[in-house]
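The next block holds one structure in the form of structure tokens; read it before the comments.
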Amino acid sequence: MKENIRVRYAPSPTGDPHIGNIRTAIFNWLFARNQKGTFIVRIEDTDQKRTVTGATDTILRALEWLEIEWDEGPGIGGPYAPYIQSERVDSYRNAAQILLDEGKAYYCTCSPERLQKIRLEQQTLRLPPKYDRHCRDLNTSKPVYPTEAVIRFKMPLEGTIVFTDTIRGDVKFDAGVLDDFVILKSDGYPTYHLASTVDDHTMAISHVMRAEEWLPSAPKHQLLYQALNYQMPKFVHLPIILGTDKSKLSKRHGATSIMDFQKMGYLPSAMLNFMALLGWSLDDKTDIISKTSLIENFSIDRIGASPAIFDRDKLNWLNGIYIRQLDPKSFANQALPFLSDESKGFESAYVQKVIPLVQERVKFLSEISEATSFFFQDTLDYADGNLTQKDLDLTISRDLLQQSMSTLEKTNPFLHETIEENLRNLAKRLELKPGQLFGLIRVALTASKATPPLFTTIETLGLDRCVQRLQQAINNLGTILPPPK
RNA sequence: GCCCCCAUCGUCUAGAGGCCCAGGACGCCACCCUUUCAAGGUGGAGAUCAGGGGUUCGAAUCCCCUUGGGGGCACCA
């Protein structure tokens, strides 16, 4: 009989959901879906001071954006509700009381000042900073709340603790380096260690998949499980994600919140694909992989152990692929919000003609604003020198633009095919290389050297705008002094 | 400082003793296509598998050491 797989994503609502955090959510979710198990979201808000209002909501919206749906958790409840730790404090206090009763934990009344002091002393003596177990054998009876007392867990004084990580195998820790950690704080709230242990047990979690930074405290958790007579779930520590400078991804590395990527116009499907590949791989050749295939193929034994660097270039490439795969209608809908403010006054029909022109040219949606801006500007800002093509002097350039203008005026119907035909004929008649003429017109019309195909651009702009811009360019050329002989 | 983890092209990675003088992808370079830019196509540079010792007939793959990198040492998670 197959074990009932239950995994959880347990963020703490202290800010925007970080990339690394979301990757953990993705792995948990993929594993649950692959195993036909249950994916649970649990909010770990046991730090009153650090909890940010609205953060839970942002986290949930990020999951929704990525279409990571949870089976139990905030908003939908479930058999182990509530899924918010601040609403379950009694269970942690009960667990702490049991440990107290069994002599496996003790009240500690040491002041933060004292703790700070011994930490400093240890530092100067080059000793590992560690609680000195001052209160361990004092047998302090229940203090009267409110109080400064915390409850600490009694760690073994010596011996070796062997912890098994699913990815790394056995990891050994010397008990001598671990200290009596706090399980219940003086405000009556549990620490992560206690809360997650109690919850993972009562919620029947089968696999704890969390970031690697938890590995050093894993032996503490193992001991807690044993002290509480809980059965241990499997522990899977996921490799951490680093920035380009190889340090843990943080705000210094620029965009690190999943919301930042949403704002920049990365597609959720691309983000999912990309992040799934950070620490996991399907085989030796697959880079583009659908959600369905991800679910079908995800497995823990293909998760690597070494850290991965978040590579924006590869993300951009992947996102570009997903953008190009979008059907034009869907692209247009998603592109609309990213258009520049200048586009606001324009009629919808015009805007709808412009958008498809950049679909295969942008890597992420926010590039659209820049890529289409010239379509929506009344006056173009010609950069120095751009208007002058090499081998064409000012007078000739002006003349060419003039002739192009009349060619366009005579073009009927005003469609890219006819425009192309007429302009090519013009170039031939003038004995110019097509590229020369087209380059000149392109800059005159768009003030840019890189644009969508010229003839569709012309068609899209429409005759009136073209004429107006060509005239602008001619005037502009008039103000440029001819190069000295 | 102490503890723990990790180590294949710049980056993401394939590789679980012979298939590998190491494969794919991003990025980079060149060429092709072409009105520019993209996209696409073709090709190329790029890793003495961090270094050194073992084990073995044989090691990127197993073991040890060194080095490097990262993470952790809170009444934060």
Side-chain angles (χ1 to χ4, degrees), chain A residues 10-14 44-47 49-50 108 110 112 115-116 119 122-131 148-152 163 165 167-168 171-174 176-179 181-187 189-193 195-196 210-219 237 239-240 242 244 246-248 274 277-288 301-302 304-318 320-321 324 358-363 371 420 423-424 427 433-439 441-443 446 448-455 457:
Chain A
S12 63
T14 52
E44 310 221 322
D45 59 344
T46 55
D47 187 334
K49 286 172 283 253
R50 291 206 314 151
C108 167
C110 292
L115 296 176
Q116 173 75 7
R119 209 170 293 136
Q122 285 160 342
Q123 254 168 41
T124 48
L125 288 169
R126 296 181 155 192
L127 289 166
K130 196 176 136 180
Y131 176 57
E148 289 298 300
V150 301
I151 299 175
R152 286 182 186 273
F163 170 85
D165 175 75
I167 293 175
R168 283 156 259 268
V171 182
K172 296 182 179 65
F173 296 85
D174 183 6
V177 301
L178 273 5
D179 66 352
F181 57 99
V182 173
I183 55 176
L184 204 74
K185 301 181 267 187
S186 59
D187 62 0
Y189 280 81
T191 58
Y192 169 86
H193 310 297
S196 68
R210 46 150 55 160
E212 195 192 329
E213 53 246 47
W214 289 110
L215 193 52
S217 48
H237 288 97
I240 53 170
L242 309 175
T244 347
K246 297 192 172 186
S247 70
K248 193 163 102 172
F274 181 72
L277 260 17
L278 250 31
W280 177 85
S281 64
L282 174 62
D283 54 29
D284 59 341
K285 50 176 85 65
T286 307
D287 289 292
I288 299 160
D301 44 73
R302 290 200 64 84
S306 50
I309 291 174
F310 189 85
D311 181 9
R312 268 295 274 285
D313 280 336
K314 190 156 186 175
L315 205 213
N316 286 344
W317 164 76
L318 199 57
I321 288 183
R324 276 174 253 127
V358 294
Q359 179 166 6
E360 69 169 33
R361 268 160 262 268
V362 296
K363 303 266 197 227
E420 173 163 7
L423 251 21
R424 276 192 193 283
K433 274 185 264 174
Q436 263 182 311
L437 211 218
F438 301 160
I441 299 174
R442 179 191 317 283
V443 176
T446 69
S448 169
K449 285 182 166 176
T451 76
L454 219 216
F455 310 114
T457 299

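Model, not experiment: these values are computed from the prediction. A, B, ... follow the sequence lines: proteins, then strands. Residue 1 opens every chain.
The side chain of A/Asp287 sits closest to B/G24 out of B/G24, B/C3, B/U35.
For the OP1/OP2 pair of B/C3 and a distance below 4.0 Å, the side-chain nitrogens and oxygens of A/Lys130 include no atom meeting the criterion.
Among the heavy atoms of the strands lying under 4.0 Å from A/Gly279 are primed sugar atoms or P, OP1, OP2 only; no base atom is included. Residue contacts shown for A/Val171 are limited to sugar-phosphate atoms, with no base heavy atom under 4.0 Å away. Using a 4.0 Å heavy-atom criterion, one finds that A/Leu423 contacts no nucleic acid atom at all. A/Lys285 comes within 4.0 angstrom of sugar-phosphate atoms only, judged by non-hydrogen atoms across all strands, and of no base. Using a 4.0 Å heavy-atom criterion, one finds that A/Pro219 contacts no nucleic acid atom at all. Using a 4.0 Å heavy-atom cutoff across all strands shown, A/Ile309 reaches sugar-phosphate atoms only and no base atom. As judged by a 4.0 angstrom heavy-atom cut-off over every strand, A/Arg168 is placed among residues touching the sugar-phosphate backbone only. Heavy atoms of A/Lys172 sit under 4.0 angstrom from primed sugar atoms or phosphate atoms, though from no base atom.
Side-chain to base pairing of A/Arg361 with B/C37: one donor and one acceptor N or O lie within less than 3.5 Å of each other. The base of B/C6 lies outside donor-acceptor range of the side chain of A/Ser306, with no N or O pair under 3.5 Å.
Remark: A/Arg50 engages A/Asp47 in a salt bridge, criterion side-chain N to carboxylate O under 4.0 Å.
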